[in-house]
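Only one structure is covered here, and it is reproduced in the block below.
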2 protein chains.
Amino acid sequence: MSHQKSTATGGSKPRQSARERAYEMIGSAILAGTFAEGEFLDEAVLAREVGTSRTPVREALHRLQAERFVELVPRRGAQVRVVTATEMREIYQARFVIESDAITKICDRRLGPPPETRELIEAMETAGRNRNWNEFSQLDQVFHSSIVRHQGNAVLGEIYDSLRPRQVRLGVRTLTEGPERLSIIEREHRELEAALEGHDGPLSTSILNVHIQEVPKLVQAFSR
Amino acid sequence: MSHQKSTATGGSKPRQSARERAYEMIGSAILAGTFAEGEFLDEAVLAREVGTSRTPVREALHRLQAERFVELVPRRGAQVRVVTATEMREIYQARFVIESDAITKICDRRLGPPPETRELIEAMETAGRNRNWNEFSQLDQVFHSSIVRHQGNAVLGEIYDSLRPRQVRLGVRTLTEGPERLSIIEREHRELEAALEGHDGPLSTSILNVHIQEVPKLVQAFSR
DNA sequence: TGGATGCACCGTGTATACAAGGTGTCCACA
DNA sequence: TGTGGACACCTTGTATACACGGTGCATCCA
């Protein structure tokens, strides 16, 4: 999704389209919890706030529907989707199904970890030390995504990535509320890398299983 | 996706929106191969053909992008996506990953096949006898989707269903070109039902594996 | 004759005006 | 006082007009 342009990407203005601005503003507003869950969004109001007409706003809302941020009810408008604890668990289960499959295949074919793994792990540890949660979160996504894509199936790669924006909705919150988990995450990443290096499928999968369960466990603590 | 409304659904007009009409017309035109792969679609032309203005057409194109039918190139427009044999294989692999996971869990929990299974199998055999390929194809989707959803994870269910429109793009073609495969498909469905009934995970999975490979094998025959 | 530059045309991106449908309120009547 | 219906307002759905940017062609210069 790439809300909140990272410091690196936010350079010169590439003449961002109005639709893109609307998409990012509305998307991050939902992430930030500006709108109540279940609330209907008024296109005209949004347009005013973004500083454009309704047209780009409508297109942004359609994209947000595709990403499951809102529900488009005919003649009623865009309703902010309610994210339940159940759905969160399902998203993480889905992640595990796809990523563990990738890991198994990577080990079967003795591919080893993706080449950029080491670099990513170190970048994450730096971001962690600097308490830069957004950066940390994004790098975590790249780390896992690179594993899934290393397996070679682009369709599964896309699907895996599409789960990201949905989990981010709670991910940042959980991360900032439990930063002591950071060292655990980092250790697990290194363990996973080592297991992939050793082409040990079952071990890799069990590490991933524990690793991915980390977050939903946290979520459940303060779920509705 | 529900192009070509089935005979059952096509009853009285529920005041279908212009966007929906545009979506179905353009979508089925792509399925029918009316446009060349890689071709850029002209919004104004499409609007004229659908009988509406450009606005609903644009919204339809955005949805078709989400479903991977077209690629939206900024300032250039909607390009009909090229479907390669590789991508087809990847889609079927993805299906297998999700559905086999569902099957394994269904057997682990001793849930048995979904209640509607028997009914669906019989409806498919009727459709097959009547050489009604669209009906057959849709029922096949419902059959497999019901298995995935029987496992209980709605997110994985949605993802699985989203793969459908993409594979339909070649599915109908392969079906009409190889109708002798019909009895094989029907037999495998019954075998799968029996294996689920017996809570036999490995057997169910291996049946599914063979079953799902059927189509991409056909595809490869006349791939580029 | 080949390449580069500028201009014109065309198609997408955005804004705005208009149409249609639904929701809530207010009034009338039981 | 409660309930039912009609009307008005408000919001989405669609059409159209305008702005912006890119592509391709033609012309000019080397």
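Order of the sequence lines fixes the chain letters, A, B, ..., with proteins taken first and strands second; residue numbering starts at 1 for each chain.
Here A:Glu59 does not pair with A:Arg63 in a salt bridge; the nearest charged N to carboxylate O distance is not below 4.0 Å. Classification of A:Arg68 and A:Glu87 as a salt-bridged pair fails, no side-chain N sitting under 4.0 Å from a carboxylate O.
The residue among B:His62 and A:Arg54 whose nearest nucleotide of DNA chain C is located toward the 5' end is B:His62. Between A:Pro74 and A:Ser53, the residue whose closest nucleotide on DNA chain C is further toward the 5' end is A:Ser53.
The distance from atom CG of A:Leu61 to atom C1' of D:dT12 is 11 Å, rounded to the nearest whole Å. Between A:Glu59 atom CD and D:dT12 atom P there is a gap of 16 Å when expressed in whole angstrom units. Taking atom CD on A:Gln65 and atom C1' on D:dT12, their separation rounds to 14 Å, with Å as the unit. Summarising the geometry, the separation between CG on A:Leu72 and C1' on D:dG13 is reported as 12 Å, rounded to the nearest angstrom. The distance from atom CD of A:Gln79 to atom C1' of C:dT23 is 15 Å, rounded to the nearest whole Å. Whole-Å rounding puts the A:Phe40 CZ to C:dG24 C1' distance at 15 Å. Distance, A:Leu46 CG to D:dT11 P: 12 Å, rounded to whole Å. A:Tyr23 has its OH atom 17 Å from the P atom of C:dG13, to the nearest Å.
Using a 4.0 Å cut-off, no side-chain N or O of B:Thr55 falls inside it from OP1 or OP2 of D:dG13.
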Strictly under 3.5 Å: I want the nitrogen or oxygen pairs between protein and nucleotides 8-11 of chain C, one per line.
| from | atom 1 | to | atom 2 | distance (Å) |
| --- | --- | --- | --- | --- |
| C:dG11 | O5' | B:Asp42 | OD2 | 3.4 |
| C:dG11 | N2 | B:Arg75 | NH1 | 3.3 |

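Across all non-hydrogen atoms, the minimal contact from B:Ser100 to B:Val97 is OG-O, 3.3 Å.
Note: B:His189 and B:His144 have perpendicular aromatic rings, judged against thresholds of 30 and 60 degrees for the angle between ring planes.
The CZ atom of A:Arg19 lies 11.5 Å from the NE2 atom of A:His62; values are rounded to the nearest 0.5 Å.
Under 3.5 Å, the side chains of B:Gln213 and B:Asn209 contain a donor-acceptor pair of N or O atoms. The closest side-chain donor-acceptor pair between B:Ser137 and B:Arg164 falls under 3.5 angstrom.
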